[in-house]
Structures are given as structure tokens and as C-alpha cells.
Amino acid sequence: MANFAKSNVPQFSVDVYQNEYLPEGGSEVNAIVTVSATGGGTIGGTVSASGYPPGRRPSAAVAVMVDCSGSMDYPPAKMRGARDATAAAIDTLRDGTSFAVIAGTHVATEVYPGGGRLAVADATTREQAKQALRRLSAGGGTAIGTWLRLADRLLSSADVAVRHGILLTDGRNEHEAPEDLRAALDACAGRFTCDARGVGTDWEVKEVTGIASALLGTADIVADPAGLAADFTRMMETAMGKEVADVALRVWTPVGTTIRFVKQVAPAMEDLTSRRTEAGPRAGDYPTGSWGDESRDYHLCVTVPPAGLGQEMLAARVSLVVPQPDGGAQNLCAQGLVRAVWTDDMTASTSINPQVAHYTGQAELAQAIQKGLDLRKAGDFDGATAKLGRAVQLADASGNADTAKLLAKVVDVVDAATGTVRLKTRVAEADEMTLETRSTKTVRVKK
């Protein structure tokens with residue numbers, strides 16, 4: 001582990017968990033990299049609980065995108081819930097945070113403050129924003145790409161460290177082509193992060209999770225509109241806890257080494273492999289978004305050139321790249337080393353590191369759930385039973401109790417240990433969508 005603190009950003013540390021021993025001829029190296037951020041360092045003088053002096057909290061801008069399409073009035077509780085939730089989120093804003101509210105239909109409209117501007121949160125602007133929310137009404141279609149592009153224009157006008165969006169929808173993105181949404185996501189990626197929520201059960205899970213994935217945020221279902229206010233409050237509290245944005249995981253590998261994949265594996269599965277940007281000779285950066293006080297796990301898999309018994313090599317070096325608060329050059333603030341050692345000790349070379357084994361199982365769990373639900377929708381009930389049974393077995397073995405509970409609403413569990421299940425004949429749509437939406441959420445390995 002290496003840990004380097006910078007005076008006015010959170011302190012990052014990197015820990016590497018792996019079995020570095022390979023058999024003769026072995027070439028695949030797996031490691032779990034745990035990255036932790038703990039508050040901010042001192043600048044001098046009194047500091048707050050987060051490590052920042054009074055008045056020196058990192059600046060942020062937030063755009064809340066509220067679905068106002070016609071379907072939000074069916075039932076009316078959805079529109080009421082959306083207004084109440086947005087008001088709760090506005091109340092949670094930290095003083096000095098820049099913010100805007102957007103109404104989303106087949107076009108995007110500024111609700112508050114308007115004029116292509118952002119407001120600065122204080123008692124007056126919060127009250128003005130909540131007054132503006134009361135005028136929101138439902139009508140029109142759904143073109144989410146337009147909402148995201150307006151949020152990007154507004155957020156990019158702020159000279160802040162953290163830019164974040166919250167997006168709520170209740171329906172499918174039916175009033176723009178899929179490639180238009182994809183283009184909007186590509187344009188917004190790396191410019192702001194975004195949490196996405198689906199309310200009710202008439203929206204498309206893969207659309208909402210795809211938005212969150214592209215913009216390095218979270219996705220979830222709020223089946224009952226009455227739960228929106230609490231969920232929006234939690235999201236905004238988390239956003240207000242972010243202290244540094246645009247953090248990248250930099251992976252350097254020696255000549256002859258190939259990166260097979262880089263994946264976030266906790267708190268949720270997210271494949272970052274295709275998001276690499278080159279960062280000098282044999283080095284690439286993988287985006288991780290914004291950070292507060294938190295810890296995440298990443299699975300790195302590389303292929304190294306086989307070597308003789310007793311040989312060892314550095315298979316990869318993993319560093320954290322953190323922007324400077326003053327907008328200066330990025331700072332390499334922590335690093336961990338991934339090693340490869342060739343041995344004829346069969347016990348050493350065949351042992352699977354517990355962290356690697358755990359997250360390999362969690363990845364298979366997510367895949368089994370998604371495949372099982374797809375097969376169920378397609379009418380292949382035998383295939384669905386097999387996949388969802390395997391998911392039950394993996395959830396039980398790994399102690400993923402939350403996922404096990406969600407699975408139990410879709411299948412009758414006969415024997416969790418063996419994965420013996422029966423598909424339920426009747427499943428509430430909200431239960432199936434909840435399982436699909438949360439299938440990538442993982443539990444941390446017990447170290």
C-alpha cells in the first residue's frame with residue numbers, strides 16, 4: 001500500500017490483494033485494488049470534520065432533471081411525488097452550491113432560475129425554487145438526451161470542482177432515437193456525474209441503468225412515488241459529500257503485458273475497460289468520477305509474458321490521478337503494485353486469493369440474474385430457472401443478503417446452497433424490475 005496526502009484534497013490510499021504466484025507457463029494475473037478516500041487534509045488553521053477549513057468546502061453545481069411528460073399524471077401521485085422530492089433535494093443543498101431545476105418532456109425547459117443561469121443556494125433561492133416547482137405540470141413526451149444536454153450547458157457554466165445531475169423518469173425514451181440518447185451520453189461523459197431514478201414500473205431498466213453507467217452515477221427504482229422524497233434527500237446528501245471530481249485510476253504495465261480488463265466491483269459492478277484514455281508510454285487512465293469519504297474495489301486482470309521458475313516481475317502499477325483544487329496539473333497521489341512470481345509450489349500457485357474469488361463470484365451473480373430475467377421474459381422458463389437458481393446459490397455463498405431477498409420475490413427457493421429453485425408463476429412487475437436494476441450491487445468481501 002502507498003498513501004500520499006495533498007493538503008486540500010481527500011487523502012487517497014491504495015491496497016492490492018492478490019496471489020502473485022503463478023505456475024510454470026502461467027500468464028494471467030488477477031488483483032483486487034481497494035481505493036479509499038478519507039476526508040480532506042489540512043490547509044492550515046482550524047478544519048472542519050471533513051478536513052476543510054471553514055468556508056473552504058469544495059464547490060459544487062447540481063442540476064435536477066424532473067420528468068414532466070404526460071404519463072407523470074397517471075397516477076397524479078407521481079407528479080406530486082416528483083415535486084416533493086425535488087423540494088427535499090433543494091433543502092439538502094449546501095449553502096453556496098450552484099443549482100438549477102429542469103423540466104423534461106420531449107424538450108428540456110429551465111424551471112429555475114432560468115435565463116441559462118445557475119442559482120446559488122441560500123434561504124432565498126431555495127424558497128424561490130420551491131415556489132417554481134409548484135407550477136410544474138405534466139404534458140408532452142420523453143426525450144432524455146435533451147434534458148442531459150441542457151444540464152451539461154448549465155453545469156459547465158460554473159467554475160466548480162464537482163458537477164452532478166439527478167435525473168428522474170417514469171417512462172421510456174420514446175421521443176428521440178436511441179442513437180440520439182447515446183450521442184448525448186457520449187457528449188456528457190466526463191463533464192458531470194449523474195444519478196438516475198425510475199419511478200413506477202413503466203420505464204425501461206436498461207435505459208436508466210445505461211444513463212447512470214455512462215455518467216458514473218447510481219441507478220435505482222422507486223416503485224412507490226411516496227418514497228421519492230427520502231431517496232432524493234439521500235442522493236443529494238451523497239452529492240454534497242463529494243469533495244473531488246474527475247479522479248482516474250491510472251494503470252501502467254511493462255512491455256509485453258496486456259490488460260484484459262479493469263472493472264469496478266464494489267459497491268457495484270461497472271466495466272471500465274473500454275473507457276481507457278492513454279496517459280503516456282504503456283499507461284492508461286480509467287475514470288472513477290467524484291469521491292467523498294468512501295472506499296471502492298476494482299478488479300484488474302493482466303496477461304504477462306511467461307517466465308522461468310523463480311523469476312518475478314512487476315505486472316502492473318496502479319495509481320490514483322487527482323485534479324488539483326486550484327485547477328493546476330493533476331497529482332499522482334497513491335499507488336499500489338501488482339506482482340507476478342513463478343513457482344513450482346503447487347499449493348502457492350493454485351491458491352485463489354479470497355478477494356479475487358469473492359468478486360469473481362459477484363460478477364457471475366450479476367450476469368446470472370440478468371441472463372435469467374432475459375430468459376424469463378423470452379419464455380425460456382427452464383433456462384431462467386437454471387440461471388436464477390445459480391444466482392440464488394451465489395448470493396447465499398457470498399452473503400449477499402439483499403440480493404437473496406430480491407431473488408426470493410421472483411423464485412421459490414427450495415435449497416439455496418444447491419441453487420434449487422422454482423420460478424414463481426406470478427411476479428409483481430416492481431419486484432422483477434427491482435431485481436434487474438439492483439443486480440450489479442455487490443457486498444464487500446470480508447477481509
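- The closest side-chain heavy-atom distance from F261 to I259 is not below 4.5 Å.
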Check against side-chain hydrogen bond (donor to acceptor under 3.5 Å, both in side chains), T92 and R234 | CA-CA 9 Å; T92 311; R234 286 192 297 270; over 6 Å; no
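- For Y21 and W342, the ring centers sit 6.0 Å or farther from each other.
- Looking at heavy atoms from C-beta onward, L314 lies in side-chain contact with L337 at the 4.5 angstrom threshold.
- Contacts classified as side chain to side chain donor-acceptor pair (under 3.5 Å) and involving residues 186-199 (residues at least two apart or in different chains) are given here: D152-R191, H164-T193, H164-D195, R182-D186, D195-T218, R197-T218, R197-D231.
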Evaluate side-chain contact (heavy atoms from CB on, under 4.5 Å) for T385 paired with V421, printing each intermediate quantity in order.
-> CA-CA 7 Å; T385 300; V421 303; 4.0 Å; yes
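- Side-chain atoms of V107 and L150, non-hydrogen and from C-beta on, never get closer than 4.5 Å to each other.
- Proximity of a side-chain donor or acceptor of Q311 to a complementary backbone N or O of L309 within less than 3.5 Å is not detected.
- Looking at T105, its side chain never comes within 3.5 Å of a backbone N or O of C68 through a donor-acceptor pair.
- Looking at V322 and W291, their side chains never come closer than 4.5 Å, going by heavy atoms from C-beta outward.
- A donor-acceptor pair under 3.5 Å is absent between the side-chain atoms of Q355 and the main chain of Y359, judged by distance alone.
- The distance from atom CG of L22 to atom OG1 of T343, rounded to the nearest 0.5 Å, is 9.5 Å.
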Can you list the steps and then say if T125 with D122 is a side-chain hydrogen bond (donor to acceptor under 3.5 Å, both in side chains)?
-> CA-CA 5 Å; T125 57; D122 59 24; 3.1 Å; yes
Full working for side-chain contact (heavy atoms from CB on, under 4.5 Å) between M236 and I90 = CA-CA 8 Å; M236 191 63 83; I90 289 168; over 6 Å; no
Chi angles and distances behind the salt bridge (Lys or Arg N to Asp or Glu O under 4.0 Å) call for E294, K242 = CA-CA 10 Å; E294 59 189 296; K242 301 298 183 183; 2.7 Å; yes
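- The list of salt bridge (Lys or Arg N to Asp or Glu O under 4.0 Å) pairs with a residue in residues 302-319, not counting sequence neighbours, reads E312-R339.
- At distances below 3.5 Å, at least one donor-acceptor pair connects side-chain atoms of S59 with backbone N or O atoms of A161.
- Checked by atom type and distance alone, the side chain of T97 never pairs as donor or acceptor with a backbone atom of L93 at under 3.5 Å.
- Ring planes of H106 and H175: tilted class, angle from 30 to 60°.
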Take E28 and T303, measure what side-chain hydrogen bond (donor to acceptor under 3.5 Å, both in side chains) needs, and give me the verdict at the end.
-> CA-CA 5 Å; E28 183 175 290; T303 301; 5.4 Å; no
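- Side chain of S351 to main chain of A348: no donor-acceptor pair is present (N/O by atom type, distance under 3.5 Å, no hydrogens or angles).
- Residues Y298 and L272 meet the side-chain proximity criterion, which asks for heavy atoms closer than 4.5 Å.
- Between E432 and K409, no side-chain nitrogen of the basic residue sits less than 4.0 Å from a carboxylate oxygen of the acidic one, so the salt-bridge criterion is not met.
- Side-chain contact between C188 and L148: present, with at least one pair of heavy atoms (C-beta onward) separated by less than 4.5 Å.
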Under the side-chain contact (heavy atoms from CB on, under 4.5 Å) rule, what do I369 and L407 come out as? Steps first, then yes or no, please.
-> CA-CA 8 Å; I369 290 171; L407 281 162; 4.2 Å; yes
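- Annotation for A31 and V16: closest pair CB-CG1, 4.0 Å, computed over non-hydrogen atoms.
- In K405, the NZ atom is not crowded: 12 or fewer heavy atoms of neighbouring residues, nucleotides or ligands sit closer than 6.0 Å.
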N/O donor-acceptor pairs under 3.5 Å from side chains in residues 199-208, not counting sequence neighbours:
residue : atom : partner : partner atom : Å
W203    : NE1  : G200    : O            : 2.9
K206    : NZ   : E436    : OE2          : 2.9
E207    : OE1  : N173    : N            : 3.0

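- One distance of note links CG of D67 with CD1 of I102; it measures 13.0 Å at 0.5 Å rounding.
- When every heavy atom of S398 is checked against every heavy atom of V443, the shortest pair comes out as O-CG2, 3.8 Å.
- Considering all non-hydrogen atoms of both residues, V392 and A416 come closest at CG1-CA, 3.8 Å.
- When the shell of 6.0 Å around CD of E24 is examined, it contains 12 or fewer heavy atoms from other residues, nucleotides or ligands.
- Across all their heavy atoms, A391 and L365 have their closest contact at O-CD1, 3.2 Å.
- Minimum interatomic distance between V302 and A315 (heavy atoms only, all atoms of both residues): CG2-CB, 4.1 Å.
- Of the possible donor and acceptor atoms, none in the side chain of R94 sits under 3.5 Å from a partner among the backbone N and O of A121.
- A heavy-atom distance below 4.5 Å is not found between the side chains of T350 and P23.
- Between V321 and L249 there is no side-chain heavy-atom pair separated by less than 4.5 Å.
- Checked options T233, T86, L168; the residue passing with L228 is L168 (criterion: side chain to side chain contact (heavy atoms under 4.5 Å, CB included)).
- Comment: D95 engages R126 in a salt bridge, judged by a side-chain N to carboxylate O separation of less than 4.0 angstrom.
- For the pair L118 and L155, the tightest heavy-atom approach, listed with the atom from each and the gap, is CD1-CA, 4.4 Å.
- A salt bridge does not link E110 with R117: every distance from a Lys NZ or Arg NE/NH1/NH2 to an Asp or Glu carboxylate oxygen is 4.0 Å or more.
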Apply side-chain hydrogen bond (donor to acceptor under 3.5 Å, both in side chains) to the pair Q362 and N400, showing each step before the final yes or no.
-> CA-CA 9 Å; Q362 293 288 283; N400 196 331; 3.2 Å; yes
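- Using a 4.0 Å cut-off between charged nitrogen and carboxylate oxygen, K441 and D402 do not count as a salt-bridge pair.
- Side-chain atoms of E176 come within 3.5 Å of backbone atoms of G145 as a donor-acceptor pair (strictly under, hydrogens ignored).
- Every residue meeting the side-chain contact (heavy atoms from CB on, under 4.5 Å) condition with P254, not counting sequence neighbours, appears here in chain and number order: W252, T257, M313.
- With hydrogens and angles disregarded, a donor-acceptor distance shorter than 3.5 Å links the side chain of T288 to the backbone of V247.
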L406/D431 under side-chain contact (heavy atoms from CB on, under 4.5 Å): CA gap, chis, key distance, verdict = CA-CA 7 Å; L406 295 176; D431 290 336; over 6 Å; no
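- Listed by first and then second residue, the salt bridge (Lys or Arg N to Asp or Glu O under 4.0 Å) pairs involving residues 156-167 amount to none (not counting sequence neighbours).
- Remark: I352 CD1 is loosely packed, at most 12 non-hydrogen atoms of other residues, nucleotides or ligands lying under 6.0 Å away.
- Note that the CZ atom of F192 and the OG atom of S290 stand 11.5 Å from one another [nearest 0.5 Å].
- Applying the side chain to side chain donor-acceptor pair (under 3.5 Å) definition to pairs two or more places apart or across chains, those involving residues 270-280 are S213-E270, S213-R275, E270-R275, D271-T273, R276-E278, R276-Y286.
- Under the 3.5 Å distance criterion, the side-chain polar atoms of T34 are left unmatched by any main-chain donor or acceptor of D297.
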